[in-house]
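Whatever order the structure lists ligands and atoms in, that order sets their numbers, starting from 1.
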Amino acid sequence: MIPENIKRGNFGSRFGFVLAAAGSAIGLGNIWRFPYVAAENGGGAFVLLYLVFILGIGVPVIIAELSVGRASQKNPVGAFRALAPGSWWPAIGGIGVLTGFGILSFYSVVAGWTLGYIVKTLKGDFLGGITGEESGAAFDAMSQTAWVTILLTAIFMLLTILVVRGGVSKGIERAAKILMPVLFVLLVFLAVRAVTLPGAGEGLRHLFSFEYEKITIQVVVKALGQAFFSLSLGMGAMITYGSYLQRKENLTVAGATVAGFDTLIALLAGVIIFPALAAAGVDPESGPPLVFVVLPTIFDSLPMGNLFGLAFYVLLAIAALTSTVSLLEVVVSYFIDERGWRREVATWTFGGLCLLLAIPSALSQGAVPWLSEFMGMGFQTLLETIFADYSLSVGGVLICVFVGWRWGIDPALEEIRRSGDRFALAPLWRILIMVVCPLAIAIVLGFTLWSQFWGA
Ligand code: PHE
């Protein structure tokens, strides 16, 4: 049905693929978003739900997305069109492309902050004693100065464009191969340092102690959204990456490995940031600035703290870049495959347009009051809620329904087994994708809607 020799970039090896897909998954979602959302939503209760969702929903769905991508060898829109010709399913892929664009816009603002903090540590801004309050003021000074935050966002977008422009195996794979292992080693190092901070025990207890009564519908939907966001699911990133995966590769092992690393990194970030929080006595519910406000005080209190801090922000920027690359790649590969654009043109056009959408987010951290108050939550938080929490979860249901009921579990299994592997858990996967996952997500979303409009 689809020519095997279709002209398309391929990942050189499974190692390269796993690194690149893990690069997409691992990013600000793990290190910036996971800690602050966990801290705001009940700590251990959120973490437990998150783990359950990763295992029960994330892993099956990542396998489903990869199989759709590899079977069709297409971007999300083309994938649905190839596997369900003449249907309305390609529109769902279109929502995925749009979601990628939306996420990239607010994401690159936060990614820009990491660049700002690299500069701050290089300048030695945090040397010589800094209190939580001073650290907060330093963050505000950066994020509330319009030209600074726009410039940082623009530089980050430019970096993303330069990588995506290089094409798959040249750009993404080469970058991921070098950067991801460095990231991992640095995180382990930071975690070891963090758990030896004074007061670390209290922070770790908050992260891991499970209190049943802290579970609310908001905590559940946040944990679900974070599971999708963190694994780059529900918008076609993994469909796109799957399309670059060779037929001889074992999809299930690749998917599970990516999910495993991603979860490990999120937990590591928690283990770094929660003890740090407790030690600095900063309000855990300070929202998106949390990581940026708390950590300088900690770095400052450590021997060689500035170096410690510099390593952390460099690592955060690297992690963010491999994620922004995957977000832009979804948009770009759609325009290349479906509209016949040249990579160069598509990359600059959509990177540039996304930067325009990023500007109101960049200005919504206090620089422009009405954007900061936009719809009661601020423009950036609004985009985050729409795209990260809801759009991805909705995309997740639709992927399950598509693979389970439209394209079909059997063709999907055939694709998965093409590498010659048995996939012993196939019966379990079948039930999860056809029934359990879509129902579970739909129930969570239904409850949220209900509680927003009629309820508590
Ligand atoms: N998973 C990325 C992170 O954790 C964010 C992302 C979401 C990237 C969706 C691609 C698609 O930072």
For [atom], closest protein heavy-atom neighbour:
atom	value
atom 12 (O) of ligand 1	Tyr107 OH, 2.4 Å
atom 7 (C) of ligand 1	Phe229 O, 3.3 Å
atom 3 (C) of ligand 1	Ala25 O, 3.1 Å
atom 8 (C) of ligand 1	Ser232 OG, 3.3 Å

Quick check on contacts: which atoms of ligand 1 are under 4.0 angstrom from a heavy atom of [X]?
X	value
Leu327	8 (C), 9 (C), 10 (C), 11 (C)
Ser24	1 (N), 2 (C), 8 (C), 10 (C)
Met235	9 (C), 11 (C)
Ser326	8 (C), 10 (C)
Asn30	4 (O)
Gly29	3 (C), 4 (O), 12 (O)

Please say whether Leu233 places an N or O atom under 3.5 Å from an N or O atom belonging to ligand 1.
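There is no such contact.
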Passing option when Lys222 is tested against Asn41, Asp389, Thr448 for side-chain hydrogen bond (donor to acceptor under 3.5 Å, both in side chains)
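Passing option: Asp389.
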Relative to Tyr334, does Arg339 satisfy both conditions: NZ or CZ under 6.0 angstrom from the six-membered ring centre, and within 45 degrees of the ring's axis?
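So Arg339 doesn't make the cation-pi contact.
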Would you check if [X] and [Y] make a side-chain contact, meaning some heavy-atom pair closer than 4.5 Å?
X	Y	answer
Glu329	Tyr244	yes
Gln365	Ser372	no
Phe292	Val110	yes
Ile265	Phe184	yes

For Asp262 and Ser230, what are the C-alpha separation, side-chain angles and deciding distance, and is it a side chain to side chain donor-acceptor pair (under 3.5 Å)?
CA-CA 7 Å; Asp262 186 70; Ser230 192; 2.7 Å; yes
So for Phe34, does at least one of its heavy atoms come nearer than 4.0 angstrom to any atom of ligand 1?
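No.
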Let's go through Tyr107 and Gln380 carefully: what are the C-alpha distance in whole Å and the side-chain angles of both, what is the deciding distance for side chain to side chain donor-acceptor pair (under 3.5 Å) to 0.1 Å, and is it a yes or a no?
CA-CA 9 Å; Tyr107 200 95; Gln380 179 171 332; over 6 Å; no
